[in-house]
Amino acid sequence: MFATQEEQNKYIKETYPEITDNRIDEAHWDLHCSRCEITRGFFVTEMGFAHQQTRYSGVSLNQPHGFTFHCPVCKLYKLWIVFEISGNETKEDGSQGWVKRCYKVTSLPSEGLEEIEQLPENPSSLRIAYRQAIRAMDANAHIAAAAMFRRALQIITREILKAKHGSLADELDSLVGTEFNGVKLTNNFATNGYIIRESGNQGAHPDKDPDLLDFTQQDAEDLQGIFMELVSELFIAPEAMKKAKQEFVQRRKIAPPKIV
């Protein structure tokens, strides 16, 4: 709980990602569209300021703002809950000026690829672990995200690829050269898995290296990219190839081969 507005502002600055640079003007923000796969200026179609005093109200405190953003091309929309904190600051040129900074508390839906259609439905724990990793990233909890990416990896090695239970490192090594979904697992699979494993371990058991004690937003985004490469090799690329082959055969009216 907070005793003062200053304590609240300090908590917001330390806990939530600053997104001031995303703001172009009052009506446009640079955001990523998951359908168009591009970052562009979204329209601000609605703004809300949830604040209503009651008979118990005392000093008016900083309240969150709600924003509804629409992609100008595909019309998908998302909602953000944002705190705005203003104050005098020393600028790069040494002058003093009034600056308004914005901090994102949450996004609906969560930022990033929260759902991957090609992920197996079973075991359900895989999709749960992946969603929790994305939600942790959205909440600025990047160490937790690293731990959940590691958890998702181990679900893949043990429950989907059926590696013999052991250390995650041994499981990854044992899978190189085996086949899954028509794909032979390569050293690249093991290397990506090793990076995810080590990153999750650093989050759970940080060593004394000061450079590794913090896990940044960039670290989490890069780790998500590595996890997506691994998932693509196992699930996304094979499904895309299978679909393309089926559509081609149907389009060209190719009869199935006769098996003697």
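Since this is a predicted model, take the numbers as computed values, not measurements. Note that these values count all heavy atoms, side chains included, but never hydrogens, waters or copies made by symmetry.
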Do the side chains of E121 and R127 get nearer than 4.5 Å, heavy atoms only?
-> yes
For A129 and I155, the nearest pair of non-hydrogen atoms, with its separation, is CB-CD1, 4.1 Å
Point to revise | Heavy-atom check, side chain of V82 versus side chain of F67, under 4.5 Å | key: yes
Lys/Arg N to Asp/Glu carboxylate O, K10 vs E6, below 4.0 Å:
no
Is it true that I236 and L161 fall in one hydrophobic cluster, defined by side-chain heavy atoms closer than 4.5 Å?
yes
Side-chain heavy atoms of P120 within contact of I160, under 4.5 Å = yes
Side-chain donor-acceptor pair under 3.5 Å between E221 and Q217, yes or no? yes
**Q.** Stepwise side-chain contact (heavy atoms from CB on, under 4.5 Å) test for T106 and Y16
**A.** CA-CA 9 Å; T106 192; Y16 301 113; over 6 Å; no
Between L168 and the options T157, N201, D173, the side-chain contact (heavy atoms from CB on, under 4.5 Å) test singles out T157
CG of N22 to OG1 of T20, rounded to nearest 0.5 Å, is 8.5 Å
F69 side chain near Y77 side chain, heavy-atom distance below 4.5 Å: no
Does the side-chain contact (heavy atoms from CB on, under 4.5 Å) test come out yes or no for V249 and R251, once each step is laid out? CA-CA 6 Å; V249 168; R251 189 168 63 249; over 6 Å; no
field: Sidechain-backbone polar pair: Q8 side chain, N62 backbone, donor-acceptor under 3.5 Å
entry: yes
query: Is there side-chain contact between L108 and K78, with at least one heavy-atom pair below 4.5 Å?
result: no
Salt bridge (Lys or Arg N to Asp or Glu O under 4.0 Å) pairs touching residues 141-169, sequence neighbours excluded, are R158-E171
Strictly below 4.0 Å, N to O, side chains only: are K13 and E18 in salt-bridge contact? no
Rounded to the nearest 0.5 Å, the CG atom of L153 sits from the OG atom of S199 at a distance of 10.5 Å
Residues 136-188 vs ring-ring contact (aromatic ring centres under 6.0 Å, His included), sequence neighbours excluded, gives F149-F227, F180-F235
On a heavy-atom basis, the closest approach of D30 and G41 is OD1-N, 3.4 Å
Are the side chains of N188 and E233 in touch, meaning some heavy atoms are under 4.5 Å apart? yes
Inset, instruction - Indicate, with yes or no, if I195 and L185 share a hydrophobic cluster defined by side-chain heavy-atom contacts under 4.5 Å among Ile, Leu, Val, Met, Phe, Trp and Tyr. - result: yes
Indicate, with yes or no, if the rings of F43 and H70 have centres closer together than 6.0 Å. no
Of all heavy-atom pairs linking L230 and G193, the shortest is CD1-N, 3.9 Å
Exercise. Taking atom OH of Y11 as the centre, does the number of heavy atoms from other residues, nucleotides or ligands within less than 6.0 Å exceed 12?
Worked result: no
Original post:
Are M148 and V231 in one and the same hydrophobic cluster, where Ile, Leu, Val, Met, Phe, Trp and Tyr link if side-chain heavy atoms are under 4.5 Å apart?
Top reply: no
Quick one: does any side-chain atom of D138 pair with a main-chain N or O of S107 as donor and acceptor, under 3.5 Å?
yes
OH of Y194 to CD1 of I226, rounded to nearest 0.5 Å, is 12.5 Å
Under the side-chain contact (heavy atoms from CB on, under 4.5 Å) rule, what do W29 and C102 come out as? Steps first, then yes or no, please.
CA-CA 12 Å; W29 290 57; C102 301; 4.1 Å; yes
Problem set entry | Donor-acceptor contact below 3.5 Å, side chain T15 vs main chain I12 | no
Note, R101 side chain near E84 side chain (heavy atom, < 4.5 Å): no
One should read off an interatomic distance between L76 CG and C71 SG, to the nearest 0.5 angstrom, of 6.5 Å
So do the side chains of R40 and V73 get within less than 4.5 Å of each other, counting heavy atoms only? yes
In this structure, OG1 of T68 is separated from CH2 of W80 (nearest 0.5 Å) by 12.5 Å
Output for pair (N192 CG, L234 CG), nearest 0.5 Å, gives 10.0 Å
A quick test of your reading: do over 12 heavy atoms of other residues, nucleotides or ligands sit less than 6.0 Å from CG of D25? yes
Checklist entry - Applying the 4.5 Å side-chain criterion to the ILVMFWY set and letting contacts propagate, would L172 and L126 be lumped into a single cluster? => result yes
Inset, instruction - Look at the side-chain heavy atoms of Ile, Leu, Val, Met, Phe, Trp and Tyr, link any pair under 4.5 Å apart, and say whether V99 and I19 land in one connected group. - result: no
